[in-house]
Amino acid sequence: MSYSSHGSCFSELAFQYIDGEWRAGSGSWDIVDFNPYDGEKLASITVATVAEIDQAYRAAERAQPGWAAVNPYRRRLVFERALRIVDDTEEELTAAITAECGGTAVKAAFELHLVREFLREAIQLALRAEGRILPSPDDTKENRLYRVPVGVVGVISPFNFPFLLSIKSVAPALALGNAVVLKPHQNTPICGGGLVAKLFADAGLPAGVLNVVITDIAEIGDALIEHPVPKVLSFTGSDKVGRHVATVGASHFKKVILELGGNSALIVLDDADVDYAVDAAVFSRFVHQGQVCMAANRVLVDRAVEREFTEKFVAKVRTLKVGDPGDPATHIGPLINSGQAEAITTLVEQTVAGGATALLRGTTDGTLVGPSVLTGLAEDAPILGQEIFGPVALIIPFDGEDEAVRLANATPYGLSGAVHTGDIERGVRVAKRIETGMVHVNDATVHDEAIVPFGGEKHSGVGRLNGDAMVDAFTTTKWISIQHGRSRFPF
């Protein structure tokens with residue numbers, strides 16, 4: 001199979017991958033994969049049914065013990081080979097991300113950089129499931145704690161960074177000795193599923209250890225999360241769907257890791273470097289058309305620098321080029337589908353009708369939505385309380401740190417954030433008061449590093465990924481005690 005971005009890649013990977021075999025689904029309808037920019041049909045994939053979900057999980061269940069028994073030094077060789085494949089096929093992978101996701105050159109480079117980082121971390125994770133020996137009040141007894149794989153992990157990935165966010169859970173779960181069943185988003189079945197399966201197959205992963213099913217809840221209902229085989233479910237997506245996954249998973253005694261949406265605030269204090277803050281805010285809001293969970297939905301600016309910041313922010317946003325994501329000069333490509341473009345356009349219209357001022361009003365042409373910058377919002381404006389998955393920036397003035405913190409926390413979400421200031425320790429003090437899992441002082445809101453715990457508070461998720469948190473997520477602790485002498489029993 002080829003990694004070519006058009007034709008052969010999409011047609012050859014447009015299958016289910018179960019027990020080491022590429023096979024057609026047995027459903028009665030197809031998922032049609034479109035290029036979001038020009039509407040080109042990339043692939044047509046017959047959906048997997050409940051029967052194929054079962055086959056995928058049973059294949060993983062059979063393969064997992066053998067994979068877990070592989071010496072971790074040999075296990076990590078798979079990830080070393082996968083890393084080399086990514087390096088060797090960067091151009092083809094970039095083209096695939098552009099064609100299926102509408103990703104610009106900047107977005108594709110960002111995604112592939114992080115893919116490499118997570119594969120490098122997986123190499124290390126293979127050796128990090130460390131045990132412990134604990135003392136006992138019994139002189140002749142020994143307590144050993146083992147870190148063992150959970151068994152089979154179910155992974156559900158989103159459409160915005162599908163290659164990265166599939167690998168982010170799949171690679172560490174595999175490195176720690178688990179088998180995986182992956183379901184990519186139906187808008188990105190190749191980048192989120194087929195390419196991941198091919199990458200690890202080419203890297204030498206044994207058959208059955210990773211299985212990919214391309215399907216939809218309309219076909220399988222809750223079969224993927226109710227199935228008795230997986231012990232852990234890793235879901236990345238909206239808080240609405242995440243709530244359902246958590247509820248169903250918990251009712252079946254599964255551990256659920258949720259990486260959900262955000263409504264991040266980028267705070268510009270009165271002593272900030274305004275020019276630098278503008279650059280950080282524009283990137284934080286408009287990278288990948290704003291289809292990023294960590295994107296700065298809200299830009300909070302101290303009134304002392306509001307006028308200067310706003311003028312420079314709007315001026316920079318005006319320079320952003322909207323168009324073909326295949327053009328290296330493009331900053332803003334298409335949204336993932338026409339429904340999302342219509343939703344963002346309607347949201348802007350409703351917000352302006354509700355009293356907001358449009359400093360810049362983007363136009364909509366199919367899936368291309370130009371950037372909008374809104375200000376003058378009432379504190380109870382609906383748009384302030386939701387995640388905006390599109391190129392719309394909200395500028396909100398404040399008076400002093402306390403009001404900035406209050407406004408930043410006035411949301412049910414708590415994923416990321418940023419604070420810009422000339423005094424780093426002041427920035428840290430403010431950051432500590434923001435109810436999010438991550439805050440970046442004098443930087444963008446959009447960051448991910450493979451060794452640093454990643455996750456949110458409130459409606460933005462449950463649990464953490466990355467680094468040692470991966471060990472917690474994808475292994476369990478087993479206590480084995482050894483009585484070297486003889487215990488005395490009361491009867």
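- Between Gln124 and Met470, every side-chain heavy-atom pair lies at or beyond the 4.5 Å cut-off.
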Original post:
Hey, mind stepping through Tyr17 and Leu182 against side chain to side chain contact (heavy atoms under 4.5 Å, CB included) and telling me if it holds?
Top reply: CA-CA 10 Å; Tyr17 185 71; Leu182 165 65; over 6 Å; no

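- Side-chain atoms of Thr421 and Asp271 form a donor-acceptor pair, as typed in the model, at a separation below 3.5 Å.
- Residues Gly208 and Ala179 come closest through the heavy atom pair O-CB, 4.4 Å.
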Subject >> Steps toward side chain to side chain contact (heavy atoms under 4.5 Å, CB included) verdict (Phe200, Val209) >> reply: CA-CA 10 Å; Phe200 284 109; Val209 178; over 6 Å; no

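- Figure legend: cation-pi geometry between Lys183 and Phe235 absent, as NZ or CZ is not positioned both under 6.0 Å from the six-membered ring centre and within 45° of its axis.
- Scanning both residues, Gln289 and Thr104, for their nearest heavy atoms gives OE1-CG2, 4.1 Å.
- Between the side chain of Arg23 and the main chain of Gln16, no donor-acceptor pair closer than 3.5 Å is present.
- Arg74 has no carboxylate O lying under 4.0 Å from a charged side-chain N of Glu80, or vice versa, which leaves the two without a salt bridge.
- Looking at heavy atoms from C-beta onward, Glu121 lies in side-chain contact with Arg128 at the 4.5 angstrom threshold.
- A distance of 11.0 Å separates CG in Asn187 from CG in Asn160, rounded to the nearest 0.5 Å.
- The two residues Phe283 and Ala444 have their closest heavy-atom pair at CD2-CB, 3.8 Å.
- Among Val115, Val155, Ile167, the one residue that satisfies the side chain to side chain contact (heavy atoms under 4.5 Å, CB included) test with Val196 is Ile167.
- One distance of note links CG of Leu394 with CG of Leu300; it measures 9.5 Å at 0.5 Å rounding.
- Here the straight-line distance linking atom CG of Leu165 with atom CD of Glu111 works out to 7.0 Å at 0.5 Å rounding.
- Using a 4.0 Å cut-off between charged side-chain N and carboxylate O, Glu379 and Arg406 make a salt bridge.
- Glu52 and Thr49 share a donor-acceptor pair across their side chains, judged by distance under 3.5 Å alone.
- A donor and an acceptor atom, one from each side chain of Ser487 and Gln483, are located under 3.5 Å apart.
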Original post:
Given Leu83 and Phe118, is the side chain to side chain contact (heavy atoms under 4.5 Å, CB included) satisfied, shown in steps?
Top reply: CA-CA 9 Å; Leu83 181 58; Phe118 280 99; over 6 Å; no

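- Of the possible polar contacts, none joining the Tyr413 side chain to the Leu260 backbone as a donor-acceptor pair under 3.5 Å is found.
- For Arg76 (side chain) and Ile123 (main-chain N/O), no donor-acceptor pair under 3.5 Å exists by modelled atom type.
- The residues Asp19 and Arg58 are annotated as not salt-bridged, no charged nitrogen and carboxylate oxygen being separated by less than 4.0 angstrom.
- Not one N or O on the side chain of Asn178 forms a donor-acceptor pair closer than 3.5 Å with the backbone of Val152.
- Between the CG atom of Asp54 and the CD atom of Glu61 there is a distance of 9.0 Å, given to the nearest 0.5 Å.
- The backbone N or O of Ala295 sits nowhere less than 3.5 Å from a side-chain atom of Ser284 that would complete a donor-acceptor pair.
- For Ser264 and Ser416, the side-chain atoms include no donor-acceptor pair closer than 3.5 Å.
- Taking all atoms of both residues into account, the shortest heavy-atom contact from Leu233 to Lys254 is CD1-CD, 3.9 Å.
- Side-chain atoms of Thr98 come within 3.5 Å of backbone N or O of Gly103 as a donor-acceptor pair.
- Here OG1 of Thr247 is found 7.0 Å from CZ of Arg243. Values are rounded to the nearest 0.5 Å.
- In this structure, the side chain of Arg298 engages the main chain of Leu407 through a donor-acceptor pair within 3.5 Å.
- Looking at heavy atoms from C-beta onward, Phe163 lies in side-chain contact with Leu112 at the 4.5 angstrom threshold.
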Subject >> Intermediate values then yes/no, side chain to side chain contact (heavy atoms under 4.5 Å, CB included), Glu142 and Leu134 >> reply: CA-CA 7 Å; Glu142 176 185 358; Leu134 297 182; over 6 Å; no

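- For residues 147-168, the pairs satisfying salt bridge (charged side-chain N to carboxylate O under 4.0 Å, His left out) are Arg147-Asp472, Lys168-Asp448, with sequence neighbours left out.
- Here ring pair (Phe, Tyr, Trp, His ring centres under 6.0 Å) pairs that include residues 419-438, with residues two or more places apart or in two chains, are Tyr276-His420.
- With 3.5 Å as the limit, one finds a donor-acceptor pair spanning the side chains of His244 and Asp222.
- A ring-centre distance under 6.0 Å is not found for His288 and Phe110.
- Here the closest heavy-atom approach between residue Ile190 and residue Phe10 is recorded as CG1-CD2, 3.4 Å.
- When all heavy atoms of Asp443 and Leu266 are compared, the closest pair comes out as O-CD1, 4.2 Å.
- One distance of note links CD of Glu259 with CE of Met294; it measures 9.5 Å at 0.5 Å rounding.
- Ion pair Glu401/Arg429 not flagged as a salt bridge, since none of the NZ, NE, NH1 or NH2 atoms sits closer than 4.0 Å to an Asp/Glu carboxylate oxygen.
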